[in-house]
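Structure first, then comments.
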There are 2 protein chains.
Amino acid sequence: MHKMAHVESPPVKGASLHPRRRVYRLSRERRVADIMDSARGVFCAKGYGDAVISEIAGQLGIVEGTIYRYFPTKRDLLIAVVEDWYRRILADYDEQLKGISGTRNRLRFLIWRHLKVIHDDPAMFRLVTGELRGGADYRTTSVYDMNRQYTKRTLAIVEEAVKSGEFRADVPLRMVRDMIYGGAEHHTWAFLRGEGDFSPDAAAEAIVGIIYRGLMGADTAPNSENGAVDAQAISRLESVARRLERVAESRDPRRGREKSRKQG
Amino acid sequence: MHKMAHVESPPVKGASLHPRRRVYRLSRERRVADIMDSARGVFCAKGYGDAVISEIAGQLGIVEGTIYRYFPTKRDLLIAVVEDWYRRILADYDEQLKGISGTRNRLRFLIWRHLKVIHDDPAMFRLVTGELRGGADYRTTSVYDMNRQYTKRTLAIVEEAVKSGEFRADVPLRMVRDMIYGGAEHHTWAFLRGEGDFSPDAAAEAIVGIIYRGLMGADTAPNSENGAVDAQAISRLESVARRLERVAESRDPRRGREKSRKQG
DNA sequence: CCCATTAATGAGTTTAACTCATTATAATGC
DNA sequence: GCATTATAATGAGTTAAACTCATTAATGGG
């Protein structure tokens with residue numbers, strides 16, 4: 001509102017006064033790739049908020065406007081950078097998973113892989129969780145889709161284990177997934193802030209251990225302490241029930257599933 | 001570098017040209033409280049990045065500079081707002097926890113409380129997770145301290161249950177805490193982005209169920225005071241029995257155990 | 001070697017965080 | 001009730017960074 005006329009002699013808008021230095025032009029693809037490379041470095045080093053477009057341009061020896069030719073906003077640039085990173089990460093994902101068998105091994109691999117990514121590239125992960133995931137446009141992002149695919153594998157493995165009777169059926173699958181990935185992330189906060197370190201191997205093993213014991217049919221070791229009469233009786237019944245459940249489910253999965261489901 | 005002399009007649013720096021409207025002064029405390037109130041509303045409505053100081057000032061009928069008298073930066077204002085909110089949240093925390101007994105109940109209360117906070121004030125929670133927690137200054141924040149106190153209670157409850165033999169001893173306690181709070185948060189992401197809803201009660205129950213089964217001693221806690229363990233096992237057996245009865249009714253009752261048979 | 005295409009420029013504008021010399025209000029002392 | 005004083009508040013800035021666009025010129029196809 002308080003714009004003031006400072007000089008009433010406006011030079012014609014794009015009039016050039018100095019000769020331009022020799023300019024080398026790159027193909028669109030090449031320039032875009034260069035910009036994303038540089039942007040990634042700056043975003044990781046400074047974080048999104050403190051990253052400055054002119055610094056990215058400066059690294060490439062180009063001018064800010066050139067970047068805006070390819071990326072309409074700073075945020076679009078961020079999204080492109082993160083999407084590219086995520087795509088690379090997940091490139092050989094299914095291939096690797098194919099080579100691993102057994103519920104426990106497969107589950108541990110998925111968790112370990114996730115933790116390894118965080119460990120290897122904490123700055124990028126921070127961009128995802130701190131900047132992207134909170135935004136209203138997150139769902140329009142391919143990161144969202146890729147992430148869904150990613151966690152869906154986990155759900156599928158747990159689901160299969162339930163069907164085969166390895167896992168109990170009365171457990172909310174979504175929450176299992178949430179606790180795995182949420183737990184992994186929560187576990188790495190301190191590291192992500194630059195405080196100390198963590199071990200992807202140890203953490204994956206810990207998570208898979210808790211989940212496994214939590215979902216396993218209540219197989220109990222024999223115990224003869226006082227009060228064990230009831231416990232043993234229940235344990236025996238649990239075991240019988242589990243066997244029967246398996247039989248019932250393989251006979252009529254539809255009925256079995258819909259009746260044992262409690263929460264969605 | 002390219003600052004240009006626009007007008008060579010600089011008016012003396014703070015010279016007043018217009019008479020000021022009548023100004024009412026508030027005490028420092030009162031003004032700070034008002035600013036924080038207003039800031040909270042704007043931050044929640046727009047998010048930190050899109051919130052504008054001048055809008056906060058406008059709501060109060062004051063000028064931007066007044067806000068900067070009390071809060072050196074926009075971020076400091078955010079931190080103050082979040083700290084205040086968090087302090088209120090945790091005010092009666094220990095009091096409430098004191099009235100709850102039994103590992104399972106206490107654990108569920110802590111989780112439920114956390115989920116309830118998210119459910120009741122998602123925008124504030126987003127400020128904490130999206131803006132504050134990622135920052136390098138998070139640890140200097142009292143939110144950090146309060147959060148530590150908060151999750152420490154959880155750890156204490158689990159630790160005690162391990163000592164009493166209710167929980168198994170070979171479990172990494174930190175990871176249990178991480179899976180509880182990380183899982184809770186992961187579970188609420190969609191809601192936090194404004195997609196759909198979630199039930200704090202159901203979610204808390206689901207989390208506590210998984211954790212409980214995962215940590216329960218293999219001997220199923222012979223001296224469990226409130227009988228929660230046995231009750232859970234029995235409840236599960238009852239539900240399985242009901243289900244089996246239903247399956248049996250709709251089938252040839254004389255058919256015994258057989259190998260599972262695949263059907264379409 | 002021309003010329004159409006389009007990469008790149010550079011000189012802006014706009015917006016929003018932040019600063020500070022000055023003003024004048026409300027509390028204090030007499 | 002009046003002068004004094006401490007300080008709340010102002011308003012007119014500056015600065016920085018995202019973003020725009022008319023113009024320029026490098027490049028590759030003919």
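In what follows, every chain begins at residue 1, and chains take the letters A, B, ... in the order their sequences are listed. FYI, side chains are in, hydrogens and waters are out, and symmetry mates aren't considered; it's all heavy atoms of this structure.
- The side chain of A/V23 has C/dT9 as its nearest neighbour among C/dT6, C/dT9, C/dA17.
- Counting only distance, with no hydrogens or angles, the side chain of B/R40 and the backbone of B/V81 share no donor-acceptor pair below 3.5 Å.
- The stretch residues 64-80 of chain B comes close to DNA chain D through B/G65, B/T66, B/R69, B/Y70, each having a heavy atom under 4.0 Å from the strand.
- Residue A/R22 places at least one side-chain N or O closer than 4.0 Å to OP1 or OP2 of D/dT27.
- Residue B/R28 has no polar side-chain atom (N or O) positioned under 4.0 Å from OP1 or OP2 of D/dT7.
- Contact of the A/F198 side chain with the A/L115 side chain is registered, since non-hydrogen atoms from C-beta on lie closer than 4.5 Å.
- The side chain of A/R25 contributes no N or O atom lying less than 4.0 Å from OP1 or OP2 of D/dA25.
- A distance of 10.5 Å separates CD1 in B/I180 from CD1 in B/I210, rounded to the nearest 0.5 Å.
- Aromatic ring centres of B/H119 and B/F125: separated by at least 6.0 Å.
- The existence of a salt bridge linking A/D84 and A/R88 is confirmed by a sub-4.0 Å separation between a basic side-chain nitrogen and an acidic carboxylate oxygen.
- Going from atom CD1 of B/I53 over to atom C1' of C/dT19 covers 14 Å, rounded to whole Å.
- Judged purely by distance below 3.5 Å, without hydrogens or angles, the side chains of B/D76 and B/T73 pair a donor atom with an acceptor atom.
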